[in-house]
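The basis for the numbers below is simple: all heavy atoms, side chains too, and nothing from hydrogens, waters or symmetry mates.
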Amino acid sequence: MSAARLLGEALDLLAEHPVVDGHNDLPWALREKAGYDLDLLDVAADQRGRLHTDLPRLRAGRVGAQFWSVYVRSDMAGDDAVSATLEQIDCVDRLLARHPAELAPALTADDVEAARAQGRIASLKGAEGGHSINNSLATLRALYALGVRYMTLTHNDNIAWADSATDVPAVGGLSPFGREVVREMNRLGMLVDLSHVAATTMRDALDTTEAPVVFSHSSARAVCDHPRNVPDDVLERLPGNGGVAMATFVPKFILPAAVEWTARADENLRAHGFHHLDTTPEAMRLHAAFEEAHPRPVATVATVADHLDHMRDVAGVDHVGIGGDYDGTAFTPAGLDDVSGYPNLVAELLARRWSRADVAKVTWGNAVRVLRDAEAVARDAASRRGPSTATLADLDG
């Protein structure tokens, strides 16, 4: 089948089964690049060259539901992390209020389905890192009340009760308080997100949770050996748990040749006084100069599809999804340059003889099912136990 016909098939499929994307860092980009001034960076207009995400390109990419990350950097701590998370939540709420014809607030699987029926993009919130709750289950409940429907247990650094994939092991996975956080998330109906966490933390969370988990933006470690990715033994547990691993597009996590290059590029940023996750214009100019002197290995649509192939083969097609991480990475794969690129990935899967039914599970069905299943677990758990008043000191000493 020709490339043009495959793309047409992809667009036809996505008209009925649009993309549910697990992770987009637009709110942090708006904080960094515009100080949350939504007039200065108006996503109703094409912001190509400044952002990966805007409304015209979300439409072009056939995105039907988006988890907006209310991430704050893990070097923020205590009340500073909590208040910054609240600012991120406020940013999403203001985006939804500003663009009601395009973006629909969503808290449940039914809300997501209703938004699709209305032709709007269902908008959910995900907190990226347990540092956002400052060791407080009451704060966790407050975030849930404000619409947060998943929490990534860590970001790049360990926290008191959980080990990160990219830090020196300290806890050994989840502490007793960390397990209580997971149980309280189950009771609320907040998805436990295992992207960014150490493999030991993944396994402890799977041992503890009553509800399906998600990996909001992680790929397969067997295809690219990076600690941010999911080992096969964990993928193999997803059918028993019911969860979904949502493949990310970040080149340094999916292309082996990009891992070492990115480490050197990040060090170049730090040497010039920038955080390695900085995507401001000044940081990007440094990146561009580094890339000119040291050509960057380029991931492609096929690179991402290789991960999806492997994740399907190990976990099963009912446990695979998509989490691009747009506006949270300096670089993106060729053909997936921004949020308009999802049809290219669907066309690649169809070219690899994925069935339409299986692709529809990856783009839409699996993520909506996990939301619905977590809601069912929460109804049962809430009927059996009330809010936990445990503290870090109580459980971890």
*Please walk me through it: do Val181 and Leu137 pass side-chain contact (heavy atoms from CB on, under 4.5 Å)?*
CA-CA 7 Å; Val181 171; Leu137 295 178; 3.8 Å; yes
_Please evaluate residues Val70 and Leu146 with respect to the criterion side-chain contact (heavy atoms from CB on, under 4.5 Å), reporting the C-alpha separation (whole Å), side-chain torsions for both, the decisive distance (0.1 Å), and the verdict._
CA-CA 11 Å; Val70 292; Leu146 291 171; over 6 Å; no
*Quick check: does any side chain N or O of Asn241 sit under 3.5 Å from a backbone N or O of Val213, one acting as donor and the other as acceptor?*
yes
*Distance from Glu236 atom CD to His319 atom NE2, nearest 0.5 Å?*
12.5 Å
_Spatial distance of atom CD (Glu348) from atom OG1 (Thr300) [nearest 0.5 Å]_ = 7.5 Å
*Check whether any side-chain heavy atom of Trp364 lies under 4.5 Å from a side-chain heavy atom of Val112, and answer yes or no.*
yes
*Return yes if a side-chain donor-acceptor contact under 3.5 Å exists between Tyr342 and Asp21, otherwise no.*
yes
*asked:* Check the orientation of Trp28 and Tyr71. Use parallel for under 30°, tilted for 30 to 60°, and perpendicular for over 60°.
replied: perpendicular
*How long is the span from the OG atom in Ser83 to the CG atom in Asn134, to the nearest 0.5 Å?*
10.0 Å
*Please say whether more than 12 non-hydrogen atoms of neighbouring residues, nucleotides or ligands are located less than 6.0 Å from CZ in Arg98.*
yes
*Say whether, by atom type as modelled, one donor and one acceptor occur between the side chain of Ser383 and the main chain of Asp380 under 3.5 angstrom.*
yes
_I'd like to know if the side chain of Arg31 and the backbone of Cys91 have a donor-acceptor N/O pair within less than 3.5 Å._
no
*Thr391 side chain reached by Asn135 side chain, heavy atoms, under 4.5 Å*: no
*Donor-acceptor pair, Asp396 side chain versus Phe177 backbone, under 3.5 Å?*
yes
_Would you compute the distance between atom OG1 of Thr85 and atom CG of Asp79 and round it to the nearest 0.5 angstrom?_
11.0 Å
_Residue list, side-chain hydrogen bond (donor to acceptor under 3.5 Å, both in side chains) with Asp309, at least two apart or on another chain_ = Arg352, Trp354
*List the steps, then state whether salt bridge (Lys or Arg N to Asp or Glu O under 4.0 Å) holds for Arg48 with Asp337.*
CA-CA 10 Å; Arg48 206 175 309 264; Asp337 306 85; over 6 Å; no
*Between Asn156 and His196, a side-chain donor and acceptor under 3.5 Å*: yes
_Quick test of your reading of the model: are Lys252 and Asp266 salt-bridged, counting only N-O distances below 4.0 Å?_
yes
*Can you tell me if Arg149 uses its side chain to pair, donor with acceptor, with the backbone of Gly126 under 3.5 Å?*
no
*Do you know which two heavy atoms are closest between Pro212 and Ala374, and how far apart they sit?*
CD-N, 4.3 Å
_Arg384 with Glu210: basic N within carboxylate O range, under 4.0 Å_ = yes
*Side chains of Gln88 and Glu128: does their closest heavy-atom pair fall under 4.5 Å?*
no
*Can we say Lys125 and Asp93 salt-bridge, meaning some charged N sits less than 4.0 Å from an Asp/Glu carboxylate O?*
yes
*Roughly how far, to the nearest 0.5 Å, is CG of Asp39 from CG of Asp42?*
7.0 Å
_Short side-chain to backbone donor-acceptor contact, Arg228 and His217, under 3.5 Å_ = yes
*So, Ser388 versus Glu180: side-chain donor-acceptor pair below 3.5 Å or not?*
yes
_Would Asp358 and Arg353 count as a side-chain contact (heavy atoms from CB on, under 4.5 Å) here? Give the steps._
CA-CA 10 Å; Asp358 283 355; Arg353 302 190 181 278; over 6 Å; no
*Mark yes or no for whether Asp394, through its side chain, and Ala390, through its backbone, hold a donor-acceptor pair below 3.5 Å.*
no
*Distance only, no hydrogens: is a donor on one side chain within 3.5 Å (strictly under) of an acceptor on the other, for Thr280 and Asp278?*
yes
*Do the side chain of Lys33 and the main chain of Arg50 share a donor and acceptor less than 3.5 angstrom apart?*
yes
*Test: Arg187 and Glu184 ion pair at under 4.0 Å*: yes
*Using the side chain to side chain donor-acceptor pair (under 3.5 Å) rule, take Asn24 and His52 through it: C-alpha gap first, then chi angles, then the decisive distance, then the call.*
CA-CA 9 Å; Asn24 184 300; His52 293 147; over 6 Å; no
*Side chains of Pro231 and Met202: does their closest heavy-atom pair fall under 4.5 Å?*
yes
*asked:* Any non-hydrogen side-chain atom of Phe67 less than 4.5 Å from a side-chain atom of Ser216?
replied: no
*Heavy-atom count around Gln118 CD within 6.0 Å, excluding the residue itself: above 12?*
yes
*So, the side chain of His307 versus the backbone of Ile254: is there a donor-acceptor pair under 3.5 Å, distance only?*
yes
*Report the C-alpha distance between Val19 and Leu345 in whole Å, list the side-chain angles of each, state the deciding distance to 0.1 Å, and finish with yes or no for side-chain contact (heavy atoms from CB on, under 4.5 Å).*
CA-CA 11 Å; Val19 170; Leu345 178 58; over 6 Å; no
*Ion pair present between Arg264 and Glu267, side-chain N to carboxylate O less than 4.0 angstrom?*
no
*Is any NZ, NE, NH1 or NH2 atom of the basic residue among Asp90 and Arg94 found under 4.0 Å from an Asp or Glu carboxylate oxygen of the other?*
yes
*asked:* What's the separation between atom CG in Leu103 and atom CH2 in Trp68, rounded to the nearest 0.5 Å?
replied: 6.5 Å
*asked:* Using a strict threshold of under 4.0 Å (side-chain N to carboxylate O), is an ion pair present between Arg73 and Asp80?
replied: no
*With the 4.5 Å side-chain cut-off for hydrophobic clustering, are Val223 and Met311 part of the same group?*
no
*Specify whether Tyr326 and Phe249 have parallel, tilted or perpendicular ring planes, treating 30° as the upper limit for parallel and 60° as the lower limit for perpendicular.*
perpendicular
*Do side-chain atoms of Arg120 reach the backbone of Pro100 as a donor and acceptor pair under 3.5 angstrom?*
yes
*Can a donor-acceptor pair be found between the side chains of Thr201 and Asp163 at a distance below 3.5 Å?*
no
_Path from Val304 to Val63 over hydrophobic side-chain contacts below 4.5 Å_ = yes
*asked:* Could you tell me if the side chain of Thr154 sits less than 4.5 Å from the side chain of Asp167, heavy atoms only?
replied: no
*asked:* We want to know whether Ser340 and Asp338 form a side-chain donor-acceptor pair, criterion being a heavy-atom distance below 3.5 angstrom.
replied: yes
*Between His23 and Asp25, do the side chains contain an N or O donor and an N or O acceptor separated by less than 3.5 Å?*
yes
*With no hydrogens and no angle check, do the side chains of Ser164 and Asp157 hold a donor and an acceptor under 3.5 Å apart?*
no
_Are the side chains of Gln47 and Leu26 in contact, using a 4.5 Å heavy-atom criterion?_
no
*Any Arg179 side-chain heavy atom under 4.5 Å of Leu395 side chain*: no
